J.: 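Provided herewith is a single structure, encoded as structure tokens, for subsequent inquiry.
What you see is a predicted model; the values in this text were computed from it and never measured. The figures here come from the full heavy-atom set of this structure, side chains too, leaving out hydrogens, waters and symmetry mates.
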Amino acid sequence: MIRGYIKNGVVVPEQGAILPEGAAVSIEVASQPPQRTLSQRFASLIGSCPHLPKDMSENHDHYVHGRPRL
């Protein structure tokens, strides 16, 4: 069995294993990292900009582009 990992969407065999071009392979995912929500991934950033207006998320276009507030 040849083990490997995915890098930029391509399977890379470990230990420099060389497979012939066009070789048929079987892939079994050994483990898959748990999927985290967007708020879980960015939890460390929540509240990290206390100087922004409290309605920044709702009125982003007003503050960035000068459009009327909602």
J.: Quick test of your reading of the model: are Asp55 and Arg69 salt-bridged, counting only N-O distances below 4.0 Å?
T.: yes
J.: Inspect the surroundings of CD in Gln35 and state if more than 12 heavy atoms from other residues, nucleotides or ligands are less than 6.0 Å away.
T.: no
J.: State the CD1-CD1 distance between Ile6 and Ile27, to the nearest 0.5 angstrom.
T.: 6.0 Å
J.: Which residues, ordered by chain and number, are linked to Leu45 in its hydrophobic cluster, where ILVMFWY side chains connect at heavy-atom gaps below 4.5 Å, directly or through other members?
T.: Leu38, Phe42
J.: State whether the number of non-hydrogen atoms from other residues, nucleotides or ligands found under 6.0 Å of Glu14 atom CD is greater than 12.
T.: yes
J.: How would you list, by chain and number, every residue that makes a side chain to side chain contact (heavy atoms under 4.5 Å, CB included) with Val29, sequence neighbours excluded?
T.: Gln32
J.: Backbone N or O of Pro68 within a donor-acceptor pair of the His62 side chain at under 3.5 Å?
T.: no
J.: Between Lys54 and Asn59, is the side-chain contact (heavy atoms from CB on, under 4.5 Å) condition met? List the steps.
T.: CA-CA 9 Å; Lys54 297 219 181 280; Asn59 287 301; over 6 Å; no
J.: With the side chain counted from C-beta on, respond yes when His65 and His60 share a heavy-atom pair under 4.5 Å apart, and no when they do not.
T.: yes
J.: I'd like to know whether CG of Leu70 has more than 12 heavy-atom contacts from other residues, nucleotides or ligands below 6.0 angstrom.
T.: yes
J.: How close do Pro13 and Ile2 get, heavy atom to heavy atom, and via which atoms?
T.: CB-CG2, 3.9 Å
